[in-house]
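Chain identifiers are assigned alphabetically (A, B, ...) following the order of the sequence lines, protein sequences preceding nucleic acid strands; residue numbering begins at 1 within each chain.
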Amino acid sequence: MDTSLLARVSETEWHLAQAGDMRVPAVIFGDGELLAEMDDKVLEQIRNVACLPGIVEAAYAMPDAHWGYGFPIGGVAAFDAAAGGVVSAGGVGFDISCGVRVLLTGIGRGELEPLKLRLADSLYRDIPAGVGSTGKIALDAAAMDAMLRGGARWAVGEGYGRAADLERIEEQGAAAGAEPDAVSAQAKTRQHDEMGTLGSGNHYLEVQEIVDIAEPAIAAAFGLRRGELVVSIHCGSRGLGHQIGTEFLREMAIAAPGFGIVLPDLELACAPIDSELGRRYLGAMRAAINCALANRQIITHLTRRVFAHFFEAASLDLLFDVSHNTCKEEWHEPGGKRRRLFVHRKGATRAFAAGHAELPPAFAATGQPVFIGGSMGTASAIMVGASVRPERAFASACHGAGRRMSRHQALRHWHGRQVVDELAGRGIIVKSPSSRGVAEEAPGAYKDIASVVEAAHAAGLARKVATLAPVICIKG
DNA sequence: ATGTGC
């Protein structure tokens, strides 16, 4: 990225002043190296986001930001309905409520070693992965609507998991305001037998070892102990969310001129929050959030069943479940004035700090866990919502390493088999139905996650708590 | 991300 237009206000924060059609400034987080390798498109895209009606404070890009559809992935923007604010399907993305949950196993790395291959085989057999993967659960129309309203609460009621899990999920497992009627028949049809499946792309289920602790008190409160294993599940709302995103992007692009909205980029299609279309999208998007929460809940159940076969005593308690592709209605205090805002986080994680009113009791004193999913074969990280005031970027942080290379570029550099063999040589088992998918997800196609985490920490977005190293990766 | 698409 050409940084000559930016003012560097700290080691990890860069500002683009409001100019032209921009309604607010744009802010990018990251060190000099991350900014240098960031695509110029990120700057162009957050500048365009800053032009949207009703945007508050600034348009933000996280340290892992890269080029996305309309909004950058790693983008955060908040809108005020009372100021003509909009909701944008592109600001949430296609994979609505994609997110990560982490299960604590209490199992030491040494205990796993003799069972590693068999555990990997069982996980791969029982947790469907890949493009178009289907599961054993088929939902009829009534069950589909109940799932879209109830999210993980519905899943627990159906026998997938425990009531205690719900306290460890954003919004206690179910987004309020979901409207199954706003979800098209086609979206529901696509989801009919996709519950409890990982999907493809960067989605995965990993068994990871806690290899480093940066903040012992927080790690202890989270139940993270060095040398023990956790399970990270990264997936979203599958075909349903994708269909909703596709349909509303089209509808918003067509409707925007009628609302008097001039789009700097057609991909930023949006509608006023206080419009029939805006409200209908929010209802459908919240239903997709519930679909993703239910999906991760069912996968949790399947994972526990596999682990129980090998480790009878392991209960696999849920640490937390966070979504990183959402638009959520939240209270914030931009400029010291308390306002209800619609915060779009696309490839960005909510990072509420200690004392935040919307945190579950378990995290009231610590702040919420923030999961930074690494690329296949590299480290992941657990951070905690930072306690600095005023909040940075509406209490948001990064979500992963972020791509350095396009999928197409990656395919020119690696073959799937070669990547699997290289990782096997380092003791990491990768199982995937797609050799091509593995090549696209090669570790070298992603940025260095350590520098992304350092930048988020230094910028005060979240604080480092623990580093995780992969042992088994079930890849979509 | 995706019943991946020229």
Just to be sure I understand the rule, does [X] reach a base, reach only the sugar-phosphate, or reach nothing, if contact means heavy atoms closer than 4.0 Å?
X	result
A:Gly201	sugar-phosphate
A:Gly239	sugar-phosphate
A:Gln186	base
A:Gly199	sugar-phosphate
A:Ser200	base

Using whole Å, report how far [atom1] of [X] lies from [atom2] of [N].
X	N	atom1	atom2	answer
A:Asn295	B:dT2	CG	C1'	14 Å
A:Arg407	B:dT2	CZ	P	9 Å
A:His203	B:dT2	NE2	C1'	10 Å
A:Arg238	B:dT2	CZ	P	5 Å
A:Leu411	B:dG5	CG	P	15 Å
A:Phe248	B:dT2	CZ	C1'	18 Å
A:Asp193	B:dT2	CG	P	14 Å
A:Leu198	B:dT2	CG	C1'	15 Å

Query raised in the report: Going by the angle between their ring planes, with limits at 30° and 60°, are A:His332 and A:Phe352 parallel, tilted or perpendicular?
Result: tilted
Report summary line: side chain to side chain contact (heavy atoms under 4.5 Å, CB included) test vs A:Val438 passes for just one of A:Met376, A:Gln418, A:Lys431, namely A:Met376
Query raised in the report: side chain to side chain contact (heavy atoms under 4.5 Å, CB included) with A:Leu104: which of A:Leu318, A:Val230, A:Leu316, A:Val231?
Result: A:Val230
**Report entry** Non-hydrogen atoms of A:Leu468 and A:Ser232 that approach each other most closely
**Finding:** CD1-OG, 4.3 Å
